[in-house]
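Here's the structure we're looking at; comments come further down.
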Amino acid sequence: MARYAGFHRPNRPLAVYAAVFSIILYLPILFIPIFSFNSGVYVKFPLEGFTFNWYWDLFQREPLLQALWNSVRVACFVSVLSTLIAIPAALAIARYRMPGKTPAVSFIMLPLVLPGLIMGVALLTLLNRMGVTLSLVTVTIGHMVICLPYAISVLLPRFIGFNRSLEEASADLGEPPLRTFWRVTLPCNMPGILACLLMTFTISFDEFFMAFFLSGAQSTLPMYIWGQLRFPQDFPSLLALSTLIILFSFVLIFASLRLAKIGQPAQQETGR
Amino acid sequence: MISIRNVSKTFGRVQAVRDVSLDIRAGEFFSLLGASGSGKTTLLRMLAGFEGVTSGTILIDGQEMQDSPPHLRPVNMVFQNYAIFPHLNVRDNIAYGLRRLSVPSAKQAEMVDEMLEMIALPGYGDRRATQLSGGQMQRVALARALILKPKVLLLDEPLGALDKQLREQMQLELRALQKKLGITFVLVTHDQEEALTLSDRIAVMSQGAVLQVDTPAGLYERPRNKAIASFIGNMNFFDATVSRMGPPAVDIPGFGRMMLNGHDNGRPDGSAALVAIRPEKLTLHAAPPAMAALKGVLQTRQYLGGREMLHVGIAGRAAPIAVALQGDQDEATASLSQGHPVWLTWKDDALLVLDAE
Amino acid sequence: MTATDVRAGRRTRPGALTRFLHRHEGWRGYLLLAPALILMAAAILFPLGMTLTMSTWSLSGYDIDQTPGVGNYAAMAENPMFRVLILRTLTISLTCTLFTVILVYPMAYFVAFHTYRNKALWLIILTLPFWTSYLLRVFAWKVVLGYEGVLNTGLLSLGIVFEPVAALLYSQTAVTIVLAHSWAAFAILPIYVSLEKINRTYLEAAADLGDGPARRFWRITFPLSLPGVVAAFILMFVPTMGEYITPLMVGGPDSMMIGNLVQTMFGPMNNWPAGAALAVVMMVTIALAGLVFIVLNKLVQR
């Protein structure tokens with residue numbers, strides 16, 4: 001579409017602002033990897049030397065590896081369970097007219113606007129009165145509550161944009177609802193479902209607010225890091241660990257967002 | 001074959017289908033014709049099972065079906081946007097419904113090949129569904145439905161997306177196919193020409209209700225009211241008063257008395273009525289004819305390629321009368337220009353008397 | 001193969017449940033929604049109810065006295081420190097939110113109006129940091145703002161200051177900055193979405209009628225983006241109100257927020273009823289603020 005140059009002039013100051021903004025956004029995070037390779041113990045300029053030591057050190061630490069494993073386990077459960085619950089929920093919201101749908105949906109999306117502190121404390125209160133001991137299981141439940149709304153919000157636009165007549169055609173040709181889901185809906189929405197799994201995994205893996213209140217004897221990785229923050233001489237190891245985690249999260253989320261096609265319009269699956 | 005009895009459908013506060021009753025015979029090509037919002041697609045979807053009925057019953061081949069989900073009905077549908085599965089190839093698309101029936105794969109392959117021959121796409125089996133053109137996808141959709149040998153085939157505006165040439169070709173093919181297979185076809189369309197060409201019978205729908213069910217000729221020649229008369233083809237209307245002094249006739253202002261041979265429909269003397277006549281049933285004269293004629297002035301000529309529509313203004317009447325001329329015209333008529341006086345005549349049985357509105 | 005062969009397996013009468021579900025679309029929907037609703041009821045509704053109940057109990061010695069009463073609330077109302085705490089929390093949240101919304105608006109504008117093919121990429125780039133561990137981000141800021149941290153040693157070595165700036169860390173300023181950075185994504189996205197939705201032809205029409213770029217912005221773009229701005233406000237305000245990690249890590253004694261008090265009550269002080277009461281008060285405050293914003297939203301969506 002031809003535009004005469006005068007109307008959409010590139011706005012130099014704005015572009016500079018955008019660049020500066022992006023840099024400042026990433027800067028604090030970038031310092032972590034930078035100092036994780038620094039041979040000096042204290043985090044300050046000037047840099048002293050380059051080393052991989054802090055990274056090797058990580059693998060010696062038993063509690064760290066244990067916490068890592070705990071986080072992975074929890075995240076796996078959370079992502080699978082949240083996705084399993086989110087899929088029928090998103091389908092229902094996308095497809096059916098239901099009385100009281102809006103309040104019901106708002107209720108389900110509530111965790112997006114409740115501070116983690118409140119949810120964690122509330123859940124803790126209930127669990128305590130019920131006599132349930134805190135453990136990785138309680139953390140899993142807490143995480144599922146947060147992840148479900150995110151999972152639904154990833155899947156919902158995909159299901160809404162999904163050509164419904166494909167499912168109708170399948171039913172028309174004789175397949176009952178579950179088989180229609182298995183043969184048509186699932187394969188065609190695989191990217192979205194994968195995105196959902198990846199995103200919920202990452203959210204759970206990095207989550208701290210609620211884990212703080214709901215953890216028992218076994219800690220998740222963020223809890224472990226929290227515990228280690230008290231020891232300044234261990235800072236560089238923490239930096240190394242953090243770098244790895246950040247890298248890992250970046251990769252997962254990048255893949256997930258690409259798969260979920262955030263920002264691109266929903267595409268019709270069948271040509272016309 | 002299909003009995004629709006007092007079926008209604010309400011969406012929230014909107015009534016999409018109002019108390020519709022229809023009977024569709026086995027082996028016929030039946031069309032639901034109407035504008036958008038007339039309820040025709042909703043009715044079709046209720047036949048297929050994608051919408052439940054709010055009230056009423058639907059019987060297919062004698063069995064009550066309105067509570068059955070779509071996968072349990074002996075009915076198959078061809079969708080408006082074809083709904084071809086993008087993640088399967090042509091062969092798997094066509095054979096989709098066979099998997100459930102545990103048809104052995106050798107037999108399946110044979111049936112699919114048969115189908116591919118029938119839709120004139122032999123050898124296309126391994127193509128990805130997304131590589132096909134619109135017309136090809138539509139045929140695959142047809143094959144996919146027909147391979148299951150349904151009792152009824154439903155078609156939801158299947159030709160809407162095709163260009164004119166292709167559409168007309170497909171119309172002929174569809175008609176031939178239906179005749180050959182003998183399956184009941186129910187077609188939904190807003191294109192009256194399509195309905196008139198393809199159907200054995202048509203149900204004209206408007207705002208959720210059925211206005212008239214008749215054969216194409218019946219609808220064209222004997223529309224039951226003004227809505228249908230003007231929906232199908234063009235129509236000229238005259239306000240008139242019934243006269244029963246002497247033989248049945250109507251008084252048309254500006255013309256006088258018109259005889260109604262055989263059109264006596266029991267209307268009382270002096271009542272208002274609407275007289276209608278098709279443009280092609282009017283005869284145009286460049287000079288005053290021997291019989292009684294309606295005098296007017298030629299306003300415009302509309303060239304339609306092979307035929308012309310002439311618009312004639314009549315004194316005392318706001319809207320001009322449309323007169324259709326087909327084929328070759330004599331010199332006098334061909335040279336008529338704007339402002340020239342003309343005379344219109346017609347045969348008595350060309351008139352239709354409808355209720356005044 | 002005859003028609004009956006092919007479809008022999010097909011004709012089964014639908015069961016009563018199938019018929020019912022086919023008739024009633026709403027029930028089908030709720031059946032699918034049920035697991036989600038059950039989870040939410042179990043993990044939010046009941047816990048919140050329990051919290052409310054506990055807030056009416058009180059601590060007596062090491063046990064919890066379960067006689068319902070408003071003792072905790074009364075104690076809060078009487079305690080002037082509490083009022084200070086709430087006010088401070090509100091102040092920090094509001095300034096932080098305002099500060100962030102103003103700063104991210106031009107960025108969102110840039111992506112909405114000055115990028116053409118890479119919008120998805122930009123959005124990913126802008127939101128990526130927020131998907132990483134919250135804890136690590138705050139930690140990173142600690143590194144940057146510390147007395148011997150990056151910013152200070154950098155400034156020192158560049159000769160801009162002669163002494164490390166102590167106020168950078170462990171202060172309200174630090175908390176505000178870090179909160180702004182932590183939750184900025186919640187502000188960027190709604191503003192971006194509302195800017196993106198603006199029909200460009202409105203702007204073209206305005207230009208056609210004689211408005212220059214600045215007037216076009218103030219008369220058309222900005223008003224139309226207000227719903228997004230209000231949404232950004234709410235989405236940032238709520239989590240910042242519930243913050244306790246950031247104040248703990250980068251805040252000083254004068255920058256503790258309500259969240260910290262709640263955490264203390266549930267932690268070292270072991271006064272769960274009081275903590276529950278505080279949590280309830282927090283929720284009510286947030287709900288009130290939310291209502292204010294919703295009203296604003298309605299006003300703005302003419």
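Naming convention: chains lettered A, B, ... in sequence-line order (proteins, then strands); numbering from 1 in each chain. All figures in this text were calculated on a predicted structure; none of them were measured in a lab.
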request  = Determine the interplanar angle of the C:Tyr244 and A:Phe209 rings, folded into 0 to 90°, and report it as parallel if under 30°, tilted if 30 to 60°, perpendicular if over 60°.
outcome  = perpendicular
query = Which atom names give the shortest non-hydrogen contact between C:Ala140 and A:Pro28, and what distance separates them?
reply = CB-O, 3.3 Å
query = What are the two closest non-hydrogen atoms of A:Leu148 and C:Ala36, and how far apart are they?
reply = CD2-CB, 3.8 Å
Heavy-atom contact with chain C under 4.5 Å, split by part of A:Met144 = both
ask   = Do A:Leu25 and C:Met107 touch side chain to side chain, with heavy atoms closer than 4.5 Å?
value = no
inquiry  = Please find the pair of heavy atoms, one from C:Gly29 and one from A:Ala92, that lie closest to each other, and give the distance.
reply    = O-CB, 3.4 Å
note = Max heavy-atom pairs within cutoff under 4.5 Å with chain A, candidates C:Ile234, C:Leu31, C:Val104, goes to C:Val104
ask   = Does any non-hydrogen side-chain atom of C:Leu128 lie less than 4.5 Å from one of A:Phe250?
value = yes
Portion of C:Leu235 that has a non-hydrogen atom of chain A nearer than 4.5 angstrom = side chain
inquiry  = Looking at A:Tyr96 and C:Tyr30, would you say the former's side chain and the latter's main chain have a donor-acceptor pair under 3.5 Å?
reply    = no
task = Against chain A, work out which of C:Ile286, C:Ile125, C:Ile38, C:Leu48 has the most heavy-atom pairs shorter than 4.5 Å and name it.
result = C:Ile125
remark   = Ranked by heavy-atom pairs below 4.5 Å to chain A, first place among C:Val238, C:Thr127, C:Leu52 goes to C:Val238
inquiry  = Restricting to non-hydrogen atoms, name the atom on C:Trp272 and the atom on A:Thr125 that form the minimum distance, rounded to 0.1 Å.
reply    = CZ3-CA, 4.4 Å
query = With a 4.5 Å limit on heavy-atom distance, are the side chains of C:Met54 and A:Arg129 in contact?
reply = yes
task = Flag the pair C:Phe266 / A:Asn128 as yes when at least one side-chain heavy-atom distance between them is below 4.5 Å, and no otherwise.
result = no
ask   = Between A:Phe205, A:Phe208, A:Phe254, A:Tyr17, which residue shows the highest count of heavy-atom pairs closer than 4.5 Å to chain C?
value = A:Tyr17
ask   = Is it the backbone or the side chain of A:Leu14 that comes under 4.5 Å from a heavy atom of chain C, or both, or neither?
value = both
remark   = Closest non-hydrogen contact found for C:Ala43 with A:Val145 is CB-CG2, 2.9 Å
inquiry  = For the CG atom of A:Leu126 and the CZ atom of C:Phe46, what is their distance to the nearest 0.5 Å?
reply    = 8.5 Å
key: Under 4.5 Å from a heavy atom of chain C, the part of A:Ile24 involved   = backbone
request  = Indicate the atoms forming the closest heavy-atom contact of A:Phe213 with C:Gln263, along with that distance.
outcome  = CZ-CG, 4.1 Å
remark   = Ranked by heavy-atom pairs below 4.5 Å to chain A, first place among C:Gly242, C:Pro106, C:Pro47 goes to C:Pro47
